[in-house]
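Let me begin by presenting the structure, written as structure tokens, before commenting on it.
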Amino acid sequence: MFDAVPSPDFPAQERAQLAFWTGEGIFDRSVEQSKDRPRYVFFEGPPTANGLPHWGSVFTRVGKDVFLRYKSMCGYYVPRRTGWDTHGLPVEVEVQKELGLKGKEDIEKMGLEAFSRHCLESVGRYIGEWERMSERIGFWLDRDGYATYHRSFVESVWWALSTFFEQGLLYQDYKSVWWWPQGNTTLSAGEVGEGYRAVDDPSVVVRFRLDDGTALLAWTTTPWTLPSNLALAVAPQETYAEVRHEGGNVILAEALVAAVIGDDAEIVRTLAGSELVGRSYEPLYTFREPENGKSYEVLGAAFVTLDSGTGVVHMAPAFGEDDYRVGKEQGLAFLQLVEPNGHMSEDCGAFAGLFFKEADKPIMRDLKERGLLFKQATYRHDYPFSPRAPDEPLLQYARRSWFIRTSAKKDSVVSNNQSVTWQPSHIREGRMGDFLRNNVDWAISRERWWGTPLPIWKNDETDAMESVGSVAEILQRNPDAFAKFYAQQKNDATLSDDLMVHRPWIDDVTWTKDGEPGVYRRVPEVIDCWFDAGSMPFAQWGYPHQNKDRFEENFPADFITEAIDQTRGWWNAMLQISTLLFPERATPHPFKSCVVLGFITDKEGRKQSKRLKNYEPPMEALDKYSADAVRWALLVNCVPGLNTKFDGSSAKESTRDLLLKVWNVLSFFVTYARIDKWEPHDSPPVFERATLDRWILAELDDTIAGVCSAFDDLEAYTAARRVQSFVDALSNWYLRRSRARFWASGDSTDKHAAFSTLHEVLCDLSRLLAPFTPFLAEELFQRVVRRHDTTAPVSVHLDPFPTPSADWSDPWLRQSMGTVRNLVALGLSVRAHHQLKVRQPLAETILVLHDRAQVEPYLEVIREELNVKEVRISDDPAQFVEFEIVPNFRALGPKLGKRMPQCKQALANANGSALYQALETKGEITIELSDGQPVMLSKDEIEVRLKAREGYAAASEGDTVVVLDTRLTPELEAEGLAREVIHHIQGARKDLDLEYDARITIVYEASDALAAALATHGPWIAGETLTTTLEPGEVEGDAREADVGGHLFRFRVAL
RNA sequence: GCGCUUGUAGCUCAGCCGGUUAGAGCGUCCGCCUGAUAAGCGGGAGGUCGGUGGUUCGAGUCCACUCAAGCGCACCA
């Protein structure tokens, strides 16, 4: 016997399922049992173990889980290795905040060892939070995974870097980079991109005096770079103009004279830009002598345009990117009067020690006093700030950094990406493709502490450099390299081997080489943590130092999924590194397909942020609404690549739309199965079952096929929507229409067929739901499958996904039932319009339709649903409807072309009924168009539309009309009253909370027509309401009263 | 500034190769039904398919331009 189904408490049930899964080791078994099957490789994009998981994290994990569960149930071996991104700026900044460390000095004062240990500890804390969330949402993932700080992981990354170094792909160079002074580090393009904000900056035009008394005008928005000015650049082929001006004539591009000076400017003469090239000018400031090269000279440069400014560009090679490049090409000197901490150098006179942005005003004031400030305004533009500290502006700063020459292999990376399957597909050429095509060399060094150390050692006397790819390689050079580390470890058990490859310990590692003077010491930098993440395909296994076979088995990934911000992050890093490192491998690698998720926003479409407090903490919501509700809400609403507005109300909706509906169907099934003591056995062949049974099985079959194909197209949301509409059909049509079959008394083959069908549907539904709502699916499975079939796996997640079945498939039946449901909807709408309750039986409904064969087998369904005595398909449609003949544009368009509108008009003007007659008899019609030419139209080339004639209670749609006979006879009215009575008695039974099969007796008082109706229909009423005696009499005790069709009905129910 | 994506009912979204009465769910109002239901059903209201122009017999769908939003790229001085 099935267990009674209680009222649902989804969160509580989920806790029980979690305990069950853990206790039985279901996840491990699901992986284990498929060990010998084809492998489906998944890479976990390592989340940064920094900060609590938010809705985006929840969504990403659900998005991963649903595909992995599906593939697993489809018979693939789907190992799921967890991973954590544990290095880098985010972690350091978090620790700095916690410990109140302001900057570089504070950290160094505290000591790198303590700092690194704090970072490690912080990371461990957040990993715990993430694991709790992952478990709660039912995301199945191995606990035993990789972390980027592991020694084996770091050594793999070293191997990659070392390989690049040897191939000349890793190089050091001065380059203008975005520098974060307070953070003492460069930032990657990605990090910089996060911090742009519109600000108002000064916009000044400055005079640079030439030796002949005139001056060149140059525009800049960064006055703080002016003391470091070394040159001016002009466009040699453009025309420049000398303009008369008090205080000395000025020179600028002719095209910009009006914009800079005004329409009334008086041009003294014009000259070519090339004439200016080579002239020297008077420096604005001479705080420090420029080193190694030319200075204070006018250069010609191709990058100078006349779009804005003056056509004369102020050049400070120590800062801007173009400035540095051109400076280098043209042999300019180098002058950097801003220190790495962002403050003006000590030798800057009055400006010494000012923070660079603070120097703007004093510099402008000074220039003004000296008559060198030509014009001053404010300029609103976007400027980058630190993504970690939004008030701290970044500085464009020429700095020696390490780069990976990704630009050298740009084409290979782009073409590797071409073969990746992206969902949605536009990402390939759009977002991702653009990013890769615009790629510049990857600045990977960071002047920080907690990260993978750059494995380059430099001879402190000769500057020779060596790279190493592992600890073993270091030991070959110096067997005692880690002596100090091991000595410390002896006394300190908490010092794990993972730390030996980190700062500060690794900085103690040195070696010498025979025949070479000097000592090899490690360069100070660590690397961008995105390089760690991007190395994960091989570094997770410690490849190539170990696990070569596991790497080969798991490369490339079949599937990954992350949110769209990974374009510049993880995806980019993986594509770059893999393409450079494994040039010989077949593309795509390291991943074959990727589902791109949008962001989860609040209901207003704003990004969720802690600051705005515009979201509910996920863990709280999961306990409130249930993980399944949250999963379903995310899966059914989120379209790949698009943002989704989400909050708790979405989870509430999914509880109603899916969870409760499924639960209620289960509850119905079990209720009647228990009453009848029905057990699954000898299920009848499908072709012997009732139409409704065959129909719901056909729908199930179609749903299964649809879900599979949606998953195969990487469209989880389409799959979810298919399931949703199946559950609707099951609950709202199959069950509603089948109820009577279940509560019919006695045993019948039909009842058995109904039970068997519903049971089979529920069994498959549990499997169908398993990837989406694993908890509900399990609950269902345990109740309907495991309860009887002890040979079934202990968990739905060990069972195969359903497959379409030829026995069930029946497209014709599905279409017919669709038509029937439509007819019923029309009929009910007629009733609504004429205020005829469905409880009031009517004599007849007449259907007018084209394809009677499609509907004929189901007239009984329509009869019951519309509560009419008879359903008839009209033989004489003309009696009820008018015909309208319209062209079938799709068919006629190509044939008639420009004459199409004439045809439409001619058909509209003609008598529709006459045309219909002709069509019925001859199978075609001929009509004359306004150009005088007749046109012959076949049946396929036109469409017949029906409209109910005036005066009938009818509704129409397309080629279908439903007519109701609204006339009531006394007999019909009496039956209507009887049904009202049944309704009230049933209500009373429910009120009294009676068992479904409890027998009752009723005494009632009624008069007139109602009494007559009760007398006539007594036996029927009694049968429907399980009433043993139904008799008139004095109603005493707790009487109930009801208004039945205007008559008072008093009655008393007794057991 | 440039690029990608999106714009369809109050909200969330469908809409296949262009085919002429643009759909669904939620919400709302009205009505109905209910021995599974914390449910369900029917109907009404609600749309210049962001705008303009074009191609076409025919455009929500194709093209051009344009507006708005999200994201990405980027401070050329």
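Each chain gets a letter, A, B and so on, in the order its sequence line appears, and its residues count up from 1.
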Atom-pair distance (CH2 on Trp733(A); C1' on G42(B)), nearest Å: 12 Å
Scan Leu666(A) against the nucleic acid and name what it touches under 4.0 Å (heavy atoms): base, sugar-phosphate only, or nothing. nothing
Using a heavy-atom cut-off of under 4.0 Å over every strand shown, decide if Thr655(A) touches base, sugar-phosphate, or nothing. nothing
Which nucleotide sits closest to the side chain of Arg736(A): C71(B), C41(B), U12(B)? C41(B)
Nucleotide nearest Leu828(A) (side chain, heavy atoms from C-beta), chosen from C41(B), G43(B), A36(B): C41(B)
Candidates G42(B), C57(B), U37(B) - which lies nearest the side chain of Ala825(A): G42(B)
Using the 3.5 Å cut-off, write out each protein N or O paired with an N or O of nucleotides 28-34 of chain B and the distance between them.
unit_1 : atom_1 : unit_2    : atom_2 : d
C33(B) : OP1    : Arg839(A) : NE     : 3.2
C33(B) : OP1    : Arg839(A) : NH2    : 3.3
C33(B) : OP2    : Arg839(A) : NH2    : 2.9
U34(B) : OP2    : Arg839(A) : NH1    : 2.1
U34(B) : OP2    : His983(A) : ND1    : 2.9

Atom CG of Leu823(A) and atom P of C41(B) are separated, to the nearest Å, by 18 Å
Take atom CG of Asp657(A) and atom P of A24(B), then tell me their distance rounded to the nearest Å. 16 Å
Compare every heavy atom of Phe10(A) with every heavy atom of Ser626(A), then report the nearest pair and how far apart it is. CB-CB, 3.6 Å
Mind checking Ser725(A) for me? I need base, sugar-phosphate or nothing, with any heavy atom below 4.0 Å counting as a touch. nothing
With Watson-Crick and G-U wobble geometry limited to distances under 3.5 Å, how should the secondary structure of RNA chain B be encoded in dot-bracket form, using | for bases paired to another strand and [ ] for crossing pairs? (((((((..((((.....[...)))).(((((.......))))).....(((((..]....))))))))))))....
Which atom names give the shortest non-hydrogen contact between Ala988(A) and Val1053(A), and what distance separates them? CB-CG2, 4.2 Å
P spacing across the pair G23(B) / A45(B), given as an integer number of angstrom: 13 Å
Please tell me which of Ile564(A) and Val824(A) maps to the more 5' nucleotide of RNA chain B, matching each residue to the nucleotide holding its nearest heavy atom. Val824(A)
Taking Arg783(A) first and then Asp3(A), would you say they form a salt bridge - that is, a charged N and a carboxylate O separated by under 4.0 Å? no
Rounding to an integer number of Å, can you tell me how far Leu658(A) CG sits from G25(B) C1'? 14 Å
Please step through ring pair (Phe, Tyr, Trp, His ring centres under 6.0 Å) for the pair Tyr324(A) and Phe319(A), ending with a clear verdict. CA-CA 7 Å; Tyr324(A) 181 79; Phe319(A) 303 100; over 10 Å; no
Rounding to a whole Å, what distance do you find between Tyr625(A):OH and A38(B):C1'? 15 Å
Contact summary for Gly311(A) and Ala253(A), nearest pair of heavy atoms: CA-CB, 4.0 Å
What does Pro8(A) touch in the nucleic acid at a heavy-atom separation under 4.0 angstrom: a base, only the sugar-phosphate, or nothing? base
Which whole number of Å gives the distance between the P atom of G60(B) and that of G50(B)? 10 Å
Pick the nucleotide of RNA chain B nearest each of Ala218(A) and Val830(A); which residue has the one closer to the 5' end? Val830(A)
Distance, P atom - from G43(B) to C4(B), rounded to whole angstrom: 44 Å
Measure from CZ on Phe319(A) to P on C76(B) and round the result to the nearest Å. 18 Å
Phosphate OP1/OP2 of C41(B) contacted by Asn732(A) side-chain N/O (<4.0 Å): yes
Mind calculating the distance between CD (Glu715(A)) and P (A14(B)) to the nearest angstrom? 10 Å
Counting heavy atoms not belonging to Lys652(A), are there more than 12 under 6.0 Å from its NZ? no
Closest non-hydrogen atom pair between Arg831(A) and Val838(A), with its separation: NH1-CA, 3.4 Å
Testing G72(B), A38(B), C26(B) for proximity to the side chain of Arg568(A), the answer is G72(B)
Pairwise P distance, G27(B) and U12(B) [rounded to whole Å]: 15 Å
Students often get this wrong, so: under 4.0 angstrom with heavy atoms, is Gly320(A) touching a base, only sugar-phosphate, or nothing? nothing
Counting any heavy atom closer than 4.0 Å, what does Glu1024(A) reach on the DNA or RNA strands: base, sugar-phosphate only, or nothing? base
Spacing of Leu762(A) atom CG relative to U37(B) atom C1', expressed in whole Å: 14 Å
Shortest non-hydrogen contact from Gly827(A) to Leu964(A)? O-CD1, 4.0 Å
CG of Leu776(A) to OG1 of Thr655(A): how many Å apart, nearest 0.5 Å? 10.5 Å
Please state whether the rings of Trp678(A) and Phe755(A) are parallel, tilted or perpendicular, taking 30° and 60° as the class boundaries. parallel
Pairs under 3.5 angstrom, nitrogen or oxygen only, protein versus nucleotides 60-67 of chain B, please.
none

If a protein heavy atom is under 4.0 Å from the base, mark B; if only from the sugar-phosphate, S; if neither, -; do that for nucleotides 4-9 of chain B going 5' to 3'. BS----
Have a look at Arg899(A) and say if it touches a base, only the backbone sugar-phosphate, or nothing, with a 4.0 Å heavy-atom cut-off. nothing
If you measure from CD1 on Ile862(A) to CG on Leu823(A), what distance do you get to the nearest 0.5 Å? 5.0 Å
Is it true that Glu865(A) and Arg736(A) have a side-chain N and a carboxylate O under 4.0 angstrom from each other? yes
With C1' as the reference atom in both, quote the distance from A9(B) to U5(B) in angstrom, rounded to an integer. 23 Å
Do the side-chain N and O atoms of Thr225(A) and Thr222(A) include a donor-acceptor pair separated by under 3.5 angstrom? yes
Once you apply a heavy-atom cut-off of 4.0 Å, does Ser731(A) come out as touching a base, just sugar-phosphate, or nothing? base
Answer yes or no: is there an ion pair linking Arg979(A) with Glu1024(A), defined by an N-O contact shorter than 4.0 Å? no
Do Glu429(A) and Trp422(A) meet the criterion of a side-chain donor-acceptor pair at a distance under 3.5 Å? no
Using a heavy-atom cut-off of under 4.0 Å over every strand shown, decide if Thr671(A) touches base, sugar-phosphate, or nothing. nothing
Report the relative orientation of the aromatic rings in His314(A) and Phe208(A); use parallel for angles under 30°, tilted for 30 to 60°, perpendicular for over 60°. parallel
Say we look at U48(B) and G44(B): how far apart would their C1' atoms be, to the nearest angstrom? 22 Å
Using a distance-only test with no angle check, is there a side-chain donor-acceptor pair under 3.5 angstrom linking Arg839(A) and His983(A)? yes
Using side-chain contact (heavy atoms from CB on, under 4.5 Å) as the criterion, list what pairs up with Asn572(A), not counting sequence neighbours. Met432(A), Phe435(A), Leu436(A), Asn439(A), Gln576(A)
If the C1' atom of C67(B) is compared with that of A24(B), how far apart are they to the nearest Å? 29 Å
Nucleotides 15-20 of chain B: protein proximity per nucleotide (B base, S sugar-phosphate only, - neither; heavy atom, under 4.0 Å): --B-BB
Take atom P in G58(B) and the same atom in U21(B), then report the distance between them in whole Å. 15 Å
Can the ring centres of Phe742(A) and Phe668(A) be said to be less than 6.0 Å apart? yes
